[in-house]
Trainee: 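The structure that follows is given in the form of structure tokens.
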Amino acid sequence: MSALAFMKRHYDEMAALRQDLHAHPEIGMQEYRTSDLVARKLGEWGIEVHRGVGGTGVVGVLRAGNGAGSIGLRADMDALPMHEASQLSYRSTTPGVMHACGHDGHTTMLLGAARYLAETRHFDGTVNFIFQPGEEGVGGALAMLADGLLERFPSDALFGMHNRPGLPVGAFSIAPGLAMAGGAFFDVVITGKGAHGARPEDSIDPVLVAGQLISALQSIVSRNVPPADVAVVSVTKMSGGDAYNVIPHSVTIGGTVRCFKSSIMEQIKTLIARTADGIAAAFGARAELDFRLIFAPTVNDLRHAQDYADAAAELVGETHVDRDAQPVMGSEDFGFMLEKVPGAYILAGGGDGAAPHHPLYDYNDETTPYGAALYARIVERGLPRRNAP
Ligand SMILES: [Zn+2]
Ligand SMILES: [Zn+2]
């Protein structure tokens, strides 16, 4: 039976599992029930289970034959801190927590692939099923890497996937290189000297410094980043001052940086620090930068992106695979893993429906057979079984 036929045969079971996860969402790094369920299922299917990898992460290891090759398949498990607005029978039972990004579906797809590969073992080598906690900006990928994910479970290549509403079910889309931007958050605390609003001569005015700094930060991209590279610096927050007649002691501004290259992220960080220091100094104030890298850029390796697209085309036909998707300014922490091991990240069509992070979003169960079969086929194609002697 083909991988896709297997997944379609088990459709009802997988949909029920996904809807159970949907009804019991857990916030990033607190996926206790979810990781229990994942570990139990993997164990039931005879897969070696490792728990507590980077907090609530789970890794399943499946070997077949004695090939030295290895492939890692990664799915995320966490939900978001938001209220679900739907009236679905399986809507969130935890107030203020919702599977609004479809990670319930990603977990289910990877479980489907694990089950199929454990039952059929039409491959030669090792598969690592990586169930990652905390993808939504709370450091789950880095936690797994810090816990020795790649040393304990070495993989020659890593493959990840995200559902994509707006792309038809059964269609796939992949970028041949840069896929998603890297993202950072920053705060700059500007400290001056408070005074009466009518006596500016007694002050070092941090509000004035903040105004100059916000304008100057806009020259970082326009005058320093090569125009062929894409980058965004947005100041999105300011706070400081409580009264009409008081010059405050300090002001804080904050924002986000998005770009596609780690070297440019480093450059922008250095330039924000230099600009803040220099402008503050010119006014006799001080500036302190807190710069936090939240997401690495997600960059697909060309060969692995092609392998992924080839496997997808075999499943659904070439006309349903976009091999030349444009990069997006959104971010994904799988990028940190792809910085260490080559691999690729693909989008699986989710059909009509609300966009991720919308209170009415619901992962489309129809996506599961295609995504699960693709995970399985990238293993079977990448670790082919040798013919019997
Ligand atoms: Zn999300
Ligand atoms: Zn997501």
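Both backbone and side-chain heavy atoms feed into the values below; hydrogens, waters and symmetry mates do not. Counting convention: from 1, in listed order, for ligands and their atoms alike. Nothing fancy with the numbering, it's 1 onward along the sequence.
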Trainee: Count I, L, V, M, F, W, Y as connected when their side-chain heavy atoms are under 4.5 Å apart, and connections chain through other members. Are L80 and V138 then in the same cluster?
Mentor: no
Trainee: What do you reckon, is CZ of R33 surrounded by more than 12 foreign heavy atoms closer than 6.0 Å?
Mentor: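 Yes, the 6.0 Å shell around CZ holds more than 12 heavy atoms from other groups.
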Trainee: Sub-3.5 Å donor-acceptor pair from the side chain of H106 to the main-chain atoms of N163, do we have one?
Mentor: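 Judged by distance alone, yes, a pair lies under 3.5 Å.
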Trainee: What protein N/O/S atoms sit under 2.8 Å from the Zn ion (ligand 2), by chain and number?
Mentor: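 Metal shell, protein only: C101 SG, H103 NE2, H162 NE2.
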Trainee: Name all pairs fulfilling the side chain to side chain donor-acceptor pair (under 3.5 Å) condition that reach into residues 212-236, sequence neighbours left out, sorted by first residue then second.
Mentor: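 Side chain to side chain donor-acceptor pair (under 3.5 Å) check on residues 212-236 returns D229-K261.
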Trainee: Using atom types as modelled and distance alone, determine if a side-chain donor or acceptor of R18 lies under 3.5 Å from a backbone N or O of G102.
Mentor: no
Trainee: Name whichever N, O or S atom of H357 ends up nearest to the Zn ion (ligand 1).
Mentor: NE2
Trainee: Return the minimal non-hydrogen interatomic distance between P206 and I247, and the atom names on each side.
Mentor: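 Heavy atoms only, the tightest pair is CD-CG2, 4.1 Å.
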